[in-house]
Amino acid sequence: RAGATMAVCCQRCRASLALGESDYFTDSAASGARCQAPSVAPLGESYVVLPQALHAKQGSLPSLTEATLGRSGTTLLQATSMHEQLRTVERLLALVERCEPVESGMPLCEECAAATLRQLRRRMQEAEREHALLESACAELVAAEGDEGSVSHADGGLSQDDFEAEMAAQQGEVAQHEQALATAKAERLALATEAARLRTEREALRRDEEEWHARINAFEIEKQAAAEKELRTSQLIAHCESEIARLSHVDVFADVFCISTNGAFGTINGMRLGRLPGIAVEWAEINAALGQVALLLHTVARAHQFSFSAYALLPMGSFSKVYRLDEPRTLYELHGSSSAHLGRLFGSSRFDRGLTMMLACARELLSFASSQPRAGVRPIPPFSIEDDLVGGLSVRPQFSQEEKWTRACRQLLENLAWLLAWRSAGGD
């Protein structure tokens with residue numbers, strides 16, 4: 001309606017305004033912005049409605065576009081082609097994007113409108129100063145280019161010979177660089193080949209090193225095994241030497257033939273030789289003792305390489321025998337039995353003659369030992385032997401004289417004990 005007023009708010013300070021329809025630009029988007037949140041938009045999209053008095057007071061303000069075009073628009077837009085015009089518009093849009101937009105809505109009160117105008121004038125002055133600086137810089141550049149052109153024109157520029165010489169020099173440098181590049185490529189290829197060769201050589205050396213390490217480990221194992229074997233051998237040698245030293249002091253004959261006494265009996269290896277009234281010694285024990293005596297005489301004689309002159313002993317345990325060297329087929333027993341007494345009733349038996357022959361062998365061996373006296377041993381046996389007598393007693397078993405025969409056998413064993421002591425004293 002004509003002359004009607006409307007109540008709206010300033011979009012900056014939110015103050016109430018009373019405007020007529022002639023002062024208000026109706027628009028569908030603006031009519032919905034009454035007393036709502038201020039819409040912030042660039043200056044080109046804002047609408048400022050001022051009263052008529054303000055228009056008369058301030059006067060009309062030329063727009064930024066008109067001011068800009070008034071000064072330089074003629075120069076910027078008058079291009080020779082469409083391409084130049086588009087480039088000019090692109091530069092203008094870039095400048096507009098760099099400019100800070102003025103935050104303002106519509107409508108505005110007088111104070112807010114005046115503040116907005118002051119801000120726009122300040123920015124316009126800054127733009128003018130910047131434009132002036134740019135124009136002066138462009139003028140200086142144009143002047144410098146003109147001076148250089150005049151100098152070049154005055155000097156006449158490079159001659160054809162100088163240009164060709166400079167081109168030749170540059171081509172020479174290019175050739176040198178290309179040659180250096182080719183040399184570098186060749187060196188790189190040579191270095192790659194050398195690196196491959198070195199890698200192959202390193203791999204071969206690594207394999208050789210592993211092989212040598214394996215050989216060294218095997219050698220160390222063999223060396224350790226040899227050292228252990230040597231240690232065991234040295235220990236065995238030391239043990240054997242100690243055993244030899246111990247055994248060198250051992251008399252084998254004294255251990256094998258142990259001669260001792262058991263009451264009135266003489267014993268050899270624990271077997272009694274003889275018989276006494278009231279003590280019936282079995283003939284098996286007596287025969288075993290006589291076999292040990294024969295073995296002792298035979299072994300000692302062979303150890304000293306001694307040979308009997310008339311007789312030879314055949315040690316056969318409990319059934320030992322003796323024979324004459326001139327009658328080797330005639331053997332005499334060195335073992336008796338309970339039936340031997342029947343033979344003595346009718347004369348000497350083969351057992352008695354065998355004992356006499358064995359006693360003769362003992363006499364020869366004792367005489368050989370007496371001829372070689374040794375320290376720590378008596379020079380002669382304790383009892384003398386003549387024919388069939390030992391210390392005056394006969395070695396022949398006689399009827400009802402068993403005590404004398406037992407004493408004669410004991411004295412014979414004592415002489416044999418002296419023989420063993422004589423042998424041990426010599427270290428044989």
Side-chain angles (χ1 to χ4, degrees), residues 11-12 25 27 29 38-50 54-108 110-174 176-177:
Q11 298 302 310
R12 290 192 64 178
F25 184 83
D27 186 73
S39 59
V40 180
L43 181 61
E45 299 177 0
S46 300
Y47 301 94
V48 180
V49 180
L50 300 178
L54 185 60
H55 280 285
K57 180 181 181 180
Q58 299 292 341
S60 60
L61 179 65
S63 64
L64 181 61
T65 304
E66 293 177 354
T68 305
L69 291 177
R71 294 180 176 86
S72 60
T74 306
T75 306
L76 292 177
L77 295 178
Q78 290 180 356
T80 58
S81 65
M82 180 63 68
H83 176 68
E84 294 295 333
Q85 293 179 6
L86 293 175
R87 291 187 60 185
T88 303
V89 172
E90 183 180 359
R91 288 196 296 270
L92 290 175
L93 291 175
L95 290 174
V96 171
E97 289 178 358
R98 287 198 299 269
C99 294
E100 295 181 0
V102 178
E103 296 182 357
S104 177
M106 52 75 70
L108 297 174
E110 293 182 3
E111 290 79 3
C112 293
T116 302
L117 289 175
R118 286 192 298 273
Q119 182 180 1
L120 290 174
R121 287 193 184 96
R122 178 179 56 78
R123 291 182 61 180
M124 185 178 65
Q125 292 174 2
E126 292 176 358
E128 289 176 353
R129 285 194 298 271
E130 185 178 356
H131 178 70
L133 292 175
L134 290 175
E135 284 185 349
S136 62
C138 289
E140 291 178 359
L141 290 175
V142 171
E145 289 178 358
D147 295 340
E148 291 178 359
S150 61
V151 171
S152 299
H153 183 71
D155 295 341
L158 293 175
S159 64
Q160 185 67 22
D161 295 336
D162 295 338
F163 177 75
E164 291 178 356
E166 186 176 355
M167 286 295 295
Q170 291 181 358
Q171 289 177 358
E173 292 180 0
V174 170
Q176 291 179 359
H177 290 313

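Among residues two or more places apart in sequence or in another chain, the salt bridge (charged side-chain N to carboxylate O under 4.0 Å, His left out) test is passed with Arg122 by Glu126.
Under 3.5 Å, the side chains of His177 and Glu173 contain no donor-acceptor pair of N or O atoms.
Interatomic distance, CZ of Arg121 versus CD of Glu128, reported as 12.0 Å (0.5 Å rounding). Once rounded to the nearest 0.5 Å, the distance linking CD of Glu130 with CZ of Arg123 reads 11.5 Å. Here Cys112 contributes atom SG and Leu117 contributes atom CG; the two are 11.0 Å apart, rounded to the nearest 0.5 Å. Here Arg129 contributes atom CZ and Met124 contributes atom CE; the two are 11.0 Å apart, rounded to the nearest 0.5 Å.
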